[in-house]
Protein chains: 2
Amino acid sequence: MSTIRDVAKLAGVSVATISRYLNKSGYVNVETELKIKKAIETLNYSPNAVARGLAGKKTNTIALILPDISNPFFPELARAVEDVASMYGYAVILCNSDNQGMKEQSYIEILKKKHIDGIIFASNTLSHTEVAHLDKNGIPLVCLDRAPGKQSCSVVRSQNKNGAKLAIKHLLGMGCRKIAHIYGPHELITAKERLIGYEESVTGFDWYSPTLTMEGDFSIAGGMHAAQVLMDRHPDIDAIFAGNDLMAVGALKALIRRGIRVPEQVAVCGFDGINMTEITEPEITTVAQPIYEMGALVSRILIKKIEGIMEADQTYELDVSLIPRKSTQRRES
Amino acid sequence: MSTIRDVAKLAGVSVATISRYLNKSGYVNVETELKIKKAIETLNYSPNAVARGLAGKKTNTIALILPDISNPFFPELARAVEDVASMYGYAVILCNSDNQGMKEQSYIEILKKKHIDGIIFASNTLSHTEVAHLDKNGIPLVCLDRAPGKQSCSVVRSQNKNGAKLAIKHLLGMGCRKIAHIYGPHELITAKERLIGYEESVTGFDWYSPTLTMEGDFSIAGGMHAAQVLMDRHPDIDAIFAGNDLMAVGALKALIRRGIRVPEQVAVCGFDGINMTEITEPEITTVAQPIYEMGALVSRILIKKIEGIMEADQTYELDVSLIPRKSTQRRES
DNA sequence: CTGAAAGCGCTTACAG
DNA sequence: CTGAAAGCGCTTACAG
């Protein structure tokens with residue numbers, strides 16, 4: 001492996017000039033440039049990014065901390081993050097936190113040692129002290145789905161409450177008159193907002209009762225169980241709005257197993273827009289978040305922040321959209 | 001941020017001693033050790049991994065190059081890779097190649113510059129010249145699903161041919177008497193091996209005809225289309241063995257849409273063991289590869305290679321196992 | 001058991 | 001437009 005020194009020698013200039021040429025910082029004479037180019041080529045020189053990182057305090061690496069890449073919501077997000085990162089010349093380190101504070105802490109420690117340029121945080125348990133800590137260390141941070149709070153970091157999220165309202169409106173439009181809701185864990189702000197959207201849409205109807213809601217844990221099994229309980233409780237439910245797609249899949253499964261026809265007897269609607277909703281039969285209507293766009297945006301924001309092209313921290317709330325599919329299609333309309 | 005120099009000063013020893021203490025290389029007096037510990041604590045010192053990387057030629061970072069993290073096969077694999085990597089103190093950089101040679105090349109160039117310690121390659125188009133190139137550069141490499149060839153790298157794969165035979169045996173056991181096969185792209189060795197396993201199992205039966213096979217492209221849409229063609233061609237098919245789970249899902253979808261009952265009229269069996277096979281209704285029988293184990297193993301092998309605890313390169317062929325589910329359950333048995 | 005010194009391969013003021 | 005030199009924060013022989 002040749003070094004910048006070798007190139008300098010061969011080209012007959014100083015290493016400083018090579019460095020300037022490489023980084024396009026400062027002027028380089030056209031002729032020298034040619035000599036440098038040739039030298040680089042003949043030596044097959046490629047700059048050492050580690051040395052560069054040490055000297056220049058920039059590693060061109062960012063980290064993506066998420067709960068679990070196996071959760072179907074995250075692969076698409078990760079893909080988007082990596083796509084734009086790589087477009088801008090950044091590598092991305094993947095970290096699975098399992099939403100455990102300990103793991104997050106430990107990743108953050110390691111990432112700090114590695115002097116990565118920034119962090120994208122899609123986990124749920126980032127504490128304010130951690131944010132402050134990163135901030136103190138000058139590590140740019142962008143969060144996904146965090147409360148807007150007054151944390152010193154930009155946040156990308158989507159319209160959870162409105163999304164839930166969209167879902168209910170759609171179900172009502174399909175003729176549903178007793179709509180249950182399976183909500184996610186209370187710790188998750190997204191789950192809570194969706195629940196609120198549901199409640200605000202349905203209180204007022206005489207059929208509404210709080211017993212039409214039931215907690216799931218954002219998993220398929222949780223959705224199945226909740227659907228069973230709900231159907232036992234209110235056999236005349238004609239729609240289930242699940243707080244995320246995994247639970248919607250679970251609910252659908254539970255209904256089919258009971259021999260309940262979807263959507264004729266009970267309509268099912270999810271939230272998130274993961275691909276899984278297209279593989280069931282019937283396919284599941286869902287309130288889709290623009291997952292890829294969210295990942296691309298968060299990545300872009302982080303890089304801007306890193307490169308200092310950043311305005312103040314901001315919260316970006318993206319639109320969601322209802323994707324009508326078979327699982328709620330009860331009339332021609 | 002304090003440096004090793006600060007620690008040395010405060011502890012009243014040389015930086016070399018601090019370094020020895022940090023790396024547990026060479027002896028350090030117990031009393032000095034105590035002083036060092038205290039100094040580190042009061043300064044809240046944390047070694048700079050970049051400097052360490054430059055001086056020590058080890059970055060404690062590996063890369064995982066795969067086609068697309070959005071493909072449901074890979075998240076679980078990536079999770080496993082990251083789990084064991086982090087257990088051993090390595091960070092993992094995620095790279096999506098889309099199976100494009102260009103992208104792979106470009107990732108490899110970047111990774112070389114970054115002086116990562118090793119690469120896990122789960123993409124399909126790694127050329128021999130590339131392998132040789134990495135080898136020349138002394139970058140350890142472990143591959144997934146590559147032909148055993150005489151490449152200078154270890155390979156982790158699973159029993160594709162036998163897996164296919166398992167599937168056919170299972171279907172025959174379930175009373176199926178006209179089993180079709182949807183195979184994956186010919187470039188993929190895994191797809192070819194599964195096809196061969198099918199062919200070896202069925203030639204000999206009087207019902208067999210080459211027209212019972214059809215290409216899909218390892219996607220859901222490919223599976224749907226192939227299933228439609230096959231059913232048109234041979235309306236009396238009573239089982240479809242798909243070369244991967246995505247195509248099995250597609251086949252199931254196509255059958256359900258035609259009003260064909262699964263498994264009563266046509267049984268469906270997939271290959272891979274991705275979670276998706278459990279979310280359909282009926283759930284899909286599949287020949288499961290031990291995906292998590294494969295990821296964990298490949299990661300462990302790479303790390304051993306990096307740390308020089310490695311025997312010669314080797315090919316590890318893992319067992320697959322048939323997971324019988326509703327989609328093939330045609331008799332009590 | 002410990003220290004002085006060179007070196008890893010770059011970048012970045014500072015002069016010129 | 002270019003070079004000499006210091007510095008980034010470590011590790012690693014080499015002496016002692």
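Quick note on labels: first sequence line is chain A, next is B, and so on, each numbered from 1.
- With pairs defined as Watson-Crick or G-U wobble and both atom distances under 3.5 Å, the stems of at least three pairs that touch DNA chain C come out as C:1-3 with D:14-16, C:5-12 with D:5-12, C:14-16 with D:1-3.
- Every residue was checked against the side chain to side chain donor-acceptor pair (under 3.5 Å) condition with T42(A), not counting sequence neighbours, and none meets it.
- Atom pair K35(B):NZ and dT2(C):C1' shows a separation of 11 Å (rounding to whole Å applied).
- Qualifying side-chain contact (heavy atoms from CB on, under 4.5 Å) partners for E33(A), counting only residues two or more places apart in sequence or in other chains: Y21(A), V28(A), K37(A).
- For T32(B), no side-chain nitrogen or oxygen approaches OP1 or OP2 of dC1(C) to under 4.0 Å.
- The shortest distance between side-chain heavy atoms of K58(B) and R52(B) does not fall below 4.5 Å.
- Between T17(A) and the phosphate of dT2(D), there is no side-chain N or O to OP1/OP2 separation shorter than 4.0 Å.
- Looking at residues two or more places apart in sequence or on another chain, you find a side-chain contact (heavy atoms from CB on, under 4.5 Å) between R300(B) and V84(B), Y88(B), A296(B).
- For the salt bridge (Lys or Arg N to Asp or Glu O under 4.0 Å) test, no residue two or more places apart in sequence or in another chain qualifies with K113(A).
- By the salt bridge (Lys or Arg N to Asp or Glu O under 4.0 Å) test, R79(A) is found to be paired with D83(A), D68(B), D98(B), residues two or more places apart in sequence or in another chain being considered.
- At the phosphate of dA4(C), neither OP1 nor OP2 sits under 4.0 Å from any side-chain N or O atom of S14(B).
- Residues forming a salt bridge (Lys or Arg N to Asp or Glu O under 4.0 Å) with K35(B) (at least two apart in sequence, or on another chain): none.
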Take nucleotides 8-16 of chain D nucleotide by nucleotide from the 5' end and write B, S or -, depending on whether a protein heavy atom sits under 4.0 Å from the base, only from the sugar-phosphate, or from neither. BBBSBB---
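- Qualifying salt bridge (Lys or Arg N to Asp or Glu O under 4.0 Å) partners for E307(B), counting only residues two or more places apart in sequence or in other chains: none.
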